[in-house]
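Data block below; observations after.
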Amino acid sequence: MKYITYLLMAAGILFSGCSPCKTGCPAKEAVVQEKYYPAIISKDDSKGLYSKATLNFVYKDGKTKNLERDLAYQKDGSWRLVVSKDEINAEKDLKYINVFMPIMEAKKGEKGYFINTRNLLGTYKLDKTFVSSNGTNSYAFFGAKNPRATWSVILKGLNLETSMCAEANKGEYKVYPRIEVERMEGLPAYEDAVMDFYPLGSSSTYADMAKIYRKYQIDRGEVVPLKERIKGNPKLERLAKSILLRIAHGGKPIPRDKNGRGIPTDYTLETELPMHLACTFEQGTQAIKDLKAAGCDYVDIQEVGWNIRGHDGRYPQLFPVEPAAGGEEKLKETVATAKKLGYNISAHVNHTDAYKIADCWSEDYIAKRKDGSLMYVGCWAGGKAYTPCPEAIFDRFVKKDYLAIRDRLGFNGFQHVDVLSAIAPRICHDPKHPLNRRQWADAYLKIMKYGRDLTGGFTSECGMDHLIKYLDWAFYINHSERMHPAFDRFVPVWQIVYHGIVPSEQFFSDTGNNMKRNARNIRLHHAEFGGRPVYYGGWLEKERIQKYVKPLYDEYQKVSYLQMEFMDDHKQLADGVFLTVYGNGDEVVTNYSDLTFEYKGEPVFAKDYRLFKKSK
């Protein structure tokens, strides 16, 4: 494939001393595939590590049964396991199916690690643990490394119903896929479960696992590199060069109980809580002028809380434009000013929350649970947040709202929708618009494609890759640095797959950058993970633009060209010191430690990073 050039792996790849043999033998197939997947080892499975699996059926009553299954060797060097939808649907009261193979086993204290589907790496350190992605996967692969095998698995069928699991009992580890049948809520499996297991060389790492998945995504046309996509799309090229500044106008409070949980409330116009106004449209307009005067040319601007009653105000109702912020005419002035000064400016909206206070409220477009009740998933500023069915809202709201945002209000930026790419697809049981998870994801993709066709691009909150096909920017990949005890650290697996395809920021908690107390670590996160910085309000004063925004802007301009490059490698060089390698040969060494680290004869100072260009 012209988009990817792999470096040859030094060990465990090619056969040596092989006697002459006819075409089609394992050795020759391995050599043929090596130029495409240089980390893939041969078809030889004399140890039985890859050619056989045990399907562990677990039923709701606690009973189990095991079936042995042969895997089929594929031309790309992988071993394929298929559990047909017919086989799954023939089972009664099935809870889940675990897939066990010898490659998945390790012992406490052994060298190696496992990576999950959410940018986390764990080592074999615990006597007892269990962790599962619960079907919430940022990408559809994971893998592990132990003294006997290094492998990854790509979930190519029924991936939306499959979890990555890691467990330890008395120090005996297993890292494996689980087909979550019960989570399908009584609906039949809609496609075969297909899992391709890739045997990797002993020197291979999580970076190689990620690059194999990246090649799979590109080869099947799921994604196209930025270098290709910016041709004829100057707004997308500008996005990659720009930091993002959000103008947050305000929102209503969320009442909480003694444990800090939001109290679900259906508000009326009479009981609605007052909105806190953070800034007016006039203040936003002035801030945009101050940005330009400060020399911040490559900035994307996003209006948040411009809609009635601010952020999460009365969705799906957007209009009238919030009067307390200045109303529609003042918002139009803000938009016109941004465009006149050369900026792209977008409008933040939401399709995952609906509130009874909306003037367009109806149960007709709300997703239904299996028992027929209205689906809701929490409480936000608008009150009890019900979940719209994406199929039911497309014609009713999405099409007319996107047109109004572009044509009536004048926005010229990409369409941005909150939450969409931050959650796993759901299930709608409404007989008028029923959706399984695959259909739910397809309905979101339909919305995203419409937004991209209308505005040139589409952006959303996270990077869950069942929606990656039409995603042009992911706000962040992980919410914060908190992790389950089974894991050791975050690693840029998502970024190795998608950097150079979809710009992103690693942590939501990094939003605010140098205005936050942990500014030094945030800066290093951007360096290590190739992040595109974001300010979420708090920056509008002229003094703050000069003190915070301009220095960050200047620093990002020195590295923004890297957004066009694949991230090809990542490794730990020392305690708290990490190397990030890009496709053009440039390297970034990030030093979280308290000691200066020397790399290629140059110092990388404590709590700092250094860019090493291949050609100075």
Side-chain angles (χ1 to χ4, degrees), residues 226-227 230 234-247 287-288 290-302 338 341-346 413-414 457 459 463 472-477 492 495 498-516 518-540 544-567 578 580-584 586-592 604-605 607-613:
L226 264 177
K227 285 181 178 179
I230 63 173
K235 286 197 285 189
L236 183 59
E237 183 176 13
R238 183 180 178 85
L239 180 150
K241 294 179 180 180
S242 300
I243 64 173
L244 184 113
L245 299 178
R246 286 183 151 183
I247 303 176
I288 292 169
D290 292 339
L291 277 174
K292 190 67 176 181
C296 299
D297 294 325
Y298 285 101
V299 170
D300 278 356
I301 298 165
Q302 190 170 105
L341 295 178
Y343 296 124
N344 294 324
I345 182 168
S346 62
F414 293 165
T459 64
D472 294 295
W473 170 64
F475 180 179
Y476 63 90
I477 306 308
Q495 287 84 354
Y498 291 122
H499 195 283
I501 298 172
V502 179
S504 67
E505 177 180 81
Q506 168 55 18
F507 298 110
F508 173 77
S509 55
D510 287 347
T511 307
N513 302 288
N514 47 7
M515 295 193 297
K516 301 182 76 170
N518 61 333
R520 295 177 78 181
N521 265 12
I522 292 172
R523 178 173 175 264
L524 298 184
H525 291 160
H526 292 327
E528 182 188 0
F529 291 84
R532 179 194 186 220
V534 178
Y535 285 102
Y536 201 146
W539 59 270
L540 277 75
R544 288 186 163 233
I545 291 172
Q546 291 290 347
K547 183 177 180 180
Y548 298 113
V549 177
K550 185 59 162 66
L552 178 72
Y553 170 84
D554 289 342
E555 183 173 24
Y556 181 68
Q557 290 309 302
K558 297 174 184 177
V559 297
S560 65
Y561 72 95
L562 290 173
Q563 292 294 342
M564 298 294 171
E565 303 294 335
F566 289 148
M567 187 182 289
F578 298 92
T580 305
V581 182
Y582 290 94
N584 66 347
D586 288 3
E587 301 174 323
V588 175
V589 176
T590 308
N591 185 359
Y592 295 90
V604 183
F605 298 111
K607 308 295 183 186
D608 203 355
Y609 73 89
R610 187 168 190 146
L611 171 65
F612 292 81
K613 292 192 174 184

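Just so you know, these numbers use all the heavy atoms, side chains as well, and skip hydrogens, waters and symmetry mates. The chain is numbered in sequence order, starting from 1. Treat the numbers as computed from the prediction; the structure is a model and nothing was measured.
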Q | Contacts of H499 that satisfy ring-ring contact (aromatic ring centres under 6.0 Å, His included) - sequence neighbours left out | A |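 So H499 forms a ring-ring contact (aromatic ring centres under 6.0 Å, His included) with Y582.
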
Q.
Can you list everything that forms a side-chain contact (heavy atoms from CB on, under 4.5 Å) with E555? Sequence neighbours excluded, please.
A.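 Expected list: R523, Y609.
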
Q. Q546: what forms a side-chain contact (heavy atoms from CB on, under 4.5 Å) with it, not counting sequence neighbours?
A.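 Only A294 meet the side-chain contact (heavy atoms from CB on, under 4.5 Å) criterion with Q546.
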
Checking [X] side chain against [Y] main chain: does a donor-acceptor pair fall under 3.5 Å?
X	Y	answer
Y553	D297	yes
Y476	D510	no
Q495	E505	no
K292	L341	yes

(Q) Would you say that more than 12 heavy atoms from the other residues, nucleotides or ligands in this model lie under 6.0 Å from the OH of Y536, or not? (A) yes

Check this for me: does any side-chain nitrogen of one of [X] and [Y] sit under 4.0 Å from a carboxylate oxygen of the other?
X	Y	answer
D300	R532	yes
E587	R610	no
D554	K550	yes

Heavy-atom pair with the smallest gap, counting every atom of [X] and [Y]:
X	Y	result
I477	A474	CD1-CB, 4.1 Å
G413	N344	CA-CB, 4.3 Å
D472	G457	OD2-CA, 3.1 Å
Y592	F529	OH-CE1, 4.4 Å

(Q) Less than 3.5 Å apart, any donor N or O on the side chain of D586 or Y561 sitting next to an acceptor on the other? (A)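 Yes - a donor-acceptor pair under 3.5 Å links their side chains.
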
Q) Is T459 close to L244 at the side-chain level, that is, under 4.5 Å between some pair of heavy atoms? A)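 Side chain of L244 against side chain of T459, heavy atoms only: no contact under 4.5 Å found.
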
